[in-house]
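Structure, as structure tokens:
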Protein chains: 2
Amino acid sequence: MEPIDVFKALSNKTRLNILQWLKEPEKHFPKQGAHLPKEVSYKGGVCVGDIQEKAEVSQSTVSHYLNMMQKAGLLESVRYGQWTYYRRNEEAIRQFAEFLKTEI
Amino acid sequence: MEPIDVFKALSNKTRLNILQWLKEPEKHFPKQGAHLPKEVSYKGGVCVGDIQEKAEVSQSTVSHYLNMMQKAGLLESVRYGQWTYYRRNEEAIRQFAEFLKTEI
DNA sequence: ATTATATATCGACTTTTTTCGATATGTCAA
DNA sequence: TTGACATATCGAAAAAAGTCGATATATAAT
């Protein structure tokens, strides 16, 4: 987890929003998991399409953003059927906040 | 203090270094304050020239960087004679770390 | 097999950031 | 008041990031 990459990932309004939305998925993505039966629904994850709709950018852009955030360590993903679910990597985020507090 | 501006300011290796160097000025800028008599030396501040030398970028670039970091709220400056001294704005940095921990 | 849907990747164009040298401004010393 | 030095600002060129539509890939449904 390179701090510079995390700072870059967060220095964009839309990506920052996405990270914050994913803190409370059920609040910001009420339709979430419509595709999946509850028993397999990916805990806290939201599919790309739902994020795209909310973020109001093109499909390719949101896909690019999510990939970038995952590479930075902020998100993790799971593919379920044709959907990819993204959720926060809370442990990495916590570590980053800790790094900021102590090293910066 | 706009979080996005802070993230942008920190998403560059040189600027991140500067912020960290200024955490321990006497360690990273041993010649610091050579210009000033001790009794007026700006507590914890380092002049642009010393920062430039250590950062190894051009004078205009370091000036631009420092201005950007100040606008983001990370640094504050005082002019003393022909020198400008920059130091960390610890309160703003603390607030930012707190924001990151609770809001991100 | 074909079609439909979700996501990823590609290629291109636009915008922003990086970075510099040149110049301007402000201050000090002779 | 002239010359030297520190810093700031300007203008430009190069590099990187943002962003899109088109296309590829993978899965699901018919």
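By convention in this document, chain letters (A, B, ...) are assigned in the order of the sequence lines, proteins followed by strands, and residues within each chain are numbered from 1. Atoms considered below: every heavy atom in the structure, side chains included; atoms not considered: hydrogens, waters and symmetry mates. From a predicted model like this one, the values you see are computed outputs, not experimental measurements.
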* Structure fact -> Which of C/dT27, D/dC20, C/dT7 is nearest the side chain of B/R79? It is C/dT27
* To do: Send over the distance from B/Q59 CD to C/dA24 P, rounded to a whole Å.
  => 15 Å
* Asked: If you check every side-chain atom of A/V57, which of C/dA6, D/dC20, D/dG18 has the closest atom?
  -> D/dC20
* hbond_proxy A/Q82 side chain to C/dT7 base (donor-acceptor, 3.5 Å cutoff) -> no
* To do: For B/Y80 and C/dT27, give me the distance from atom OH to atom P, rounded to whole Å.
  => 13 Å
* Asked: Roughly how many Å is it from NZ in B/K13 to P in C/dT17, rounded to a whole number?
  -> 21 Å
* B/Q52 side chain to B/V57 backbone, donor-acceptor under 3.5 Å -> yes
* Would you say the side chain of A/Q20 lies within less than 4.5 Å of the side chain of B/I104, judging by non-hydrogen atoms? -> yes
* **Along DNA chain D (nearest heavy atom to each residue), the more 5'-positioned of B/V48 and A/T61** => B/V48
* **Proximity to the side chain of A/W83 - top-ranked nucleotide from D/dT7, C/dA6, C/dT18** => C/dA6
* To do: Could you point out which residue of A/R94, A/R87, A/R88 forms a side chain to side chain donor-acceptor pair (under 3.5 Å) with A/E90?
  => A/R88
* Asked: Can you check whether A/T84 has a side-chain N or O nearer than 4.0 Å to OP1 or OP2 of C/dA8?
  -> yes
* Nearest-angstrom distance from the residue atom CD of A/E56 to P of D/dC20 -> 11 Å
* Structure fact -> Looking only at heavy atoms, the pair that brings B/M1 and B/F96 closest together is CE-CB, 3.8 Å
* Is it true that A/E98 and A/K101 make a salt bridge, defined as a side-chain N closer than 4.0 Å to a carboxylate O? -> no
* **Side-chain heavy-atom pair A/T84, A/L66 within 4.5 angstrom cut-off** => no
* Name the residue closer to the 5' end of DNA chain D, choosing between A/S60 and A/K8 according to the nucleotide with the nearest heavy atom. => A/K8
* Interface with DNA chain C, restricted to residues 63-70 of chain B and to heavy atoms under 4.0 Å -> B/H64, B/Y65
